[in-house]
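Below: one structure, written as structure tokens.
Worth saying up front: this structure is predicted, and the values here are computed from it rather than measured. As a basis for the values below, the full set of heavy atoms in this structure was taken, side chains included, without hydrogen atoms, waters or symmetry mates. Atoms within a ligand are numbered from 1 in the order they appear, just like the ligands themselves.
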Amino acid sequence: MDEQKRLEVLYRYHLLDTLPESQFDEITQLAALVCGTPIATITLIDKDRQWFLSKVGVTATETERSISFCAHAIRQDALFVIPDTLHAHGFSNNPLVTGHPFLRFYAGAPLIADDGCMLGTLAVMDTMPRSLTGQQQNALMMLSREIVARIRSRRQLLGLCRQIDSYDDASGELEYAYRHMRRSANEVPAAPRIDAMPAYAAETAKGTDLSDVFINSIPGIFYVFDQHGKFLRWNKNFEVVSGYSSTEIAAACPLDFFGNPAEKELFAEKIKQALKEGSASLEAALLTKGGQSLPYYFTGKRIDFAGEHCICGMGVDISERRTSEETLRLRNRALEASINAIMITDAQGMIEYVNPAFERITGYPLSAVLRRHFRFLHRNDNEQRGMAAVRSAYRLLEEGHALLRSYRRNGELFWNDFYIAPVANAEGKVTHFIGVLNDITEIKRYEERLEHQASYDGLTQLVNRNVLKDRIRQAIASAQRHKTGFTVGFMDLDNFKFINDSLGHGVGDELLKCVARRLATCMRAHDTIARYGGDEFAFVLNDAVNEENVGILMDRILKTIERPFEIGDHRLFISCSVGVGFYPKDGEDVDTLLKNADTAMYRAKESGRNNYQFYVPSMNDRVRERLSLEAKLRQALTNEEFALHYQPKIDLASGMVVGVEALLRWQPADGDAISPASFIPLAEETGLIVPIGEWVLDTACAHNKLLQQSGLPPIGVAVNISARQFDPHALRKSISQALDASGLDAKYLELELTESLVMENPDEVTRILHELREMGLRLAIDDFGTGYSNLSQLQRFPVDRLKIDQSFVRDIGADPNDAIIARAVISLGHSLGMSVIAEGVSNEEQLAFLRANGCDEMQGFLYSRPLPFEDLMGLLTENRILA
Ligand SMILES: Nc1nc2c(ncn2[C@@H]2O[C@H](COP(=O)(O)OP(=O)(O)OP(=O)(O)O)[C@@H](O)[C@H]2O)c(=O)[nH]1
């Protein structure tokens, strides 16, 4: 409606700035009582202000219109209710909310004049959030209509007065009526009077009904009692709730309704306070006749009745409020105690509450975030992917979840597993959102670490074989799409074990890291280099299919790895062997490609290491052969396919046989004899050398004992020990077993160890050799001259004999250098107190040279090839002397 017209109607009633009138005050008080609120007003809305025609619990007479709640209420013809002003859009910042009287609840019933004009409201207010029951709302609307009725009759009275004023010759009767009417229209009582109600009721039948209707419509209990505690009036509800009849209530005093002595005393205090100060209130348990204790909120006001002060008041059942307060308290406690950060925002995202965990996680206290949009948590990172889900939840008023990069107050990023859910008010309208922030930064880091560990090699930080296989799979897909090819390479360091064994794992690790770095320098950014395991690396060269280009790259890799590595104090030299396969020629799936590159790498090893080989299918034939040989070798022991042949050792001075060397022979049941040069390396690689070596020891000792038992003069037997057998504990055990089982004296057993084996780890070897010597064995160094012996180390070894490698003996006549070496070994051995034996002696010239140079013993075809045991026995029995 037109505001101008509304104001004209309001002014026509001449209500603004009038003195208080009891007929309005009693309605205000009744409204406060019925609704149980500390504040009630009849408010008229003027042009720029709201003016209180009547008020309870408010000291001001008017306020600016701009802050008036009632100014909003008059925009509608129904009851206007704000259950909680702090959560009501447009009201939470109102000075009457943020400052005195700190309004949290408002309900206003419009005062609608006959022509539909809104004059103002009958309003009830509270300082805590709450709601009104249906009955209370009805009562408020009824009272607002009653106010309008009274305003209307007041205006009629004033009109009548003005007419009377115009009669100069008013009669005495009129004079009396005039004064009476004037008083009714504008009277100012000292205090609200309960007897005003019956007095008024006497004047209009409607008023009497109203008083009863009001009292009985009060949802709580209503009572009036005098200073002596005698009940003068009460409503029906009092009887229903207390369980007492009207006669019993009439005979009772207020304190009879309390069972708890402390509350009884408090209630008595409150009566005194109300009588003295005008009003009082308290919460206490009402004791019913049935013995039930009901939590109640009691209010009392001092009124004058029949010339004396009485208390008029009401009690409201607060069990529901208590329960909801308790629930609220619990929820509040849960919010406060939650380890997850929780925030409550309005429907637009402005923060209204955050719990202590929010401050702990984000570093922002409540005061720093209140009324800020929560987006500040994401700083400039507002366009991140998860934000779309959050925005959509706010827009569609529904639940949302997102993983967000949020930022703490100190700028640090944290991963926020963020849930939001809308919160609706009693009418189902979404007014708020509740957000839960989970700081999952640690979990995320852990996941990243796991992810990294699942994909990367911890030592070199190259990708691992799983990723390599993925990359090959991708390369296959891409090559198929573009009809191209690519290269897979397999690289293994040469003799890396030697570095590990001689310098320790730490140095080995550093070397692997450096190799990885160097390898990376040879590749392009889109190629993949992986650590495949141990000292094996693999790579995928995208687009590279040309043998010539790949060959150039392989040469570069070999050269790069060949360059010395400086690790700690060590300057290390190492080489590598590489096998290369091409897609699709050498395999159309991951496993075949890798297997064939690996086969090519083995070929490179076989070809002397430090080279690369392109895969060719015939390489697989060799692999197959090897595999079949390995399978046969595994069966050979059980099938008793091994035999020992013995080559006699001759003392050059006497020409007599003084010992034999046991040599392993393999004669598979279903085929030709296999040369030791083929199967011994395989037995060493597969580890089969260990059980085979035990068999050799057992057999050699048993045979030797048999020779002695057959009456032949005792001679020594030498057994070759491979590097793989050189585990001190296992070796000692198998030697003891062989000696025990055969009964052979340890002094007849000689172990032959290669020069490279003893020099690889001299400290360890020296210790073990001493232990073996203590067992009574004899020790010899085999193949002497082929390795790089450290002479000072050699001195420390408790060795009995040096064996000149047959390669020097073979060419003694032909190559002067070999003769020099042979002579040097003989004199070196002697100077170290060892005897010297030459192997591979096949002619007289060699024999003459050895004799001339003081060599102690010899073995070779010149005297005898290696013989089966039975033949050896024959030879020894024959007792042939070397001429
Ligand atoms: N330091 C170090 N050594 C490792 C690691 N993984 C495996 N190895 C060692 O790497 C060596 C691999 O040896 P192989 O490749 O079998 O033999 P090699 O001595 O390199 O000889 P060839 O390959 O035949 O030239 C073994 O001694 C393993 O113990 C590792 O992570 N760190």
Protein N/O near ligand 1 N/O, under 3.5 Å, which pairs?
from: ligand 1; atom 1: 1 (N); to: Asn500; atom 2: OD1; distance (Å): 2.9
from: ligand 1; atom 1: 1 (N); to: His505; atom 2: O; distance (Å): 3.2
from: ligand 1; atom 1: 1 (N); to: Asp509; atom 2: N; distance (Å): 3.3
from: ligand 1; atom 1: 1 (N); to: Asp509; atom 2: OD1; distance (Å): 3.0
from: ligand 1; atom 1: 3 (N); to: Asn500; atom 2: ND2; distance (Å): 2.6
from: ligand 1; atom 1: 15 (O); to: Asp535; atom 2: OD1; distance (Å): 3.0
from: ligand 1; atom 1: 15 (O); to: Asp535; atom 2: OD2; distance (Å): 3.0
from: ligand 1; atom 1: 19 (O); to: Phe496; atom 2: N; distance (Å): 3.1
from: ligand 1; atom 1: 19 (O); to: Lys497; atom 2: N; distance (Å): 2.7
from: ligand 1; atom 1: 20 (O); to: Leu493; atom 2: O; distance (Å): 3.1
from: ligand 1; atom 1: 20 (O); to: Phe496; atom 2: N; distance (Å): 2.9
from: ligand 1; atom 1: 20 (O); to: Asp535; atom 2: OD2; distance (Å): 2.7
from: ligand 1; atom 1: 21 (O); to: Asn495; atom 2: N; distance (Å): 3.3
from: ligand 1; atom 1: 23 (O); to: Asp492; atom 2: OD1; distance (Å): 2.9
from: ligand 1; atom 1: 23 (O); to: Leu493; atom 2: O; distance (Å): 3.4
from: ligand 1; atom 1: 23 (O); to: Lys605; atom 2: NZ; distance (Å): 2.8
from: ligand 1; atom 1: 24 (O); to: Arg609; atom 2: NH2; distance (Å): 2.6
from: ligand 1; atom 1: 25 (O); to: Asn495; atom 2: N; distance (Å): 2.8
from: ligand 1; atom 1: 25 (O); to: Lys605; atom 2: NZ; distance (Å): 2.7
from: ligand 1; atom 1: 25 (O); to: Arg609; atom 2: NE; distance (Å): 2.8
from: ligand 1; atom 1: 25 (O); to: Arg609; atom 2: NH2; distance (Å): 3.3
from: ligand 1; atom 1: 31 (O); to: Arg531; atom 2: NH2; distance (Å): 2.9
from: ligand 1; atom 1: 32 (N); to: Asp509; atom 2: OD1; distance (Å): 2.6

| Side chains of Lys513 and Gln461, donor plus acceptor under 3.5 Å |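 Absent: no donor and acceptor within the cut-off.
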
- Query: Do Asp783 and Thr754 have side-chain atoms, one donor and one acceptor, less than 3.5 Å apart?
  - Reply: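 No, no side-chain donor-acceptor contact under 3.5 Å.
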
Notebook entry, point to check: Between Glu750 and Lys649, is there a salt bridge with N-O shorter than 4.0 Å?
Noted result: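 Answer for the salt bridge query: yes.
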
inquiry  = Can you confirm whether or not the ring centre of His770 sits under 6.0 Å from the ring centre of Phe797?
reply    =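 No, ring centres 6.0 Å or more apart.
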
Are the ring centres of Phe537 and Phe490 closer than 6.0 Å?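 When the ring centroids of Phe537 and Phe490 are compared, they turn out to be at least 6.0 Å apart.
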
Next item on the list: Apply salt bridge (Lys or Arg N to Asp or Glu O under 4.0 Å) to the pair Glu774 and Arg767, showing each step before the final yes or no.
Entry: CA-CA 11 Å; Glu774 272 162 30; Arg767 193 176 55 73; over 6 Å; no

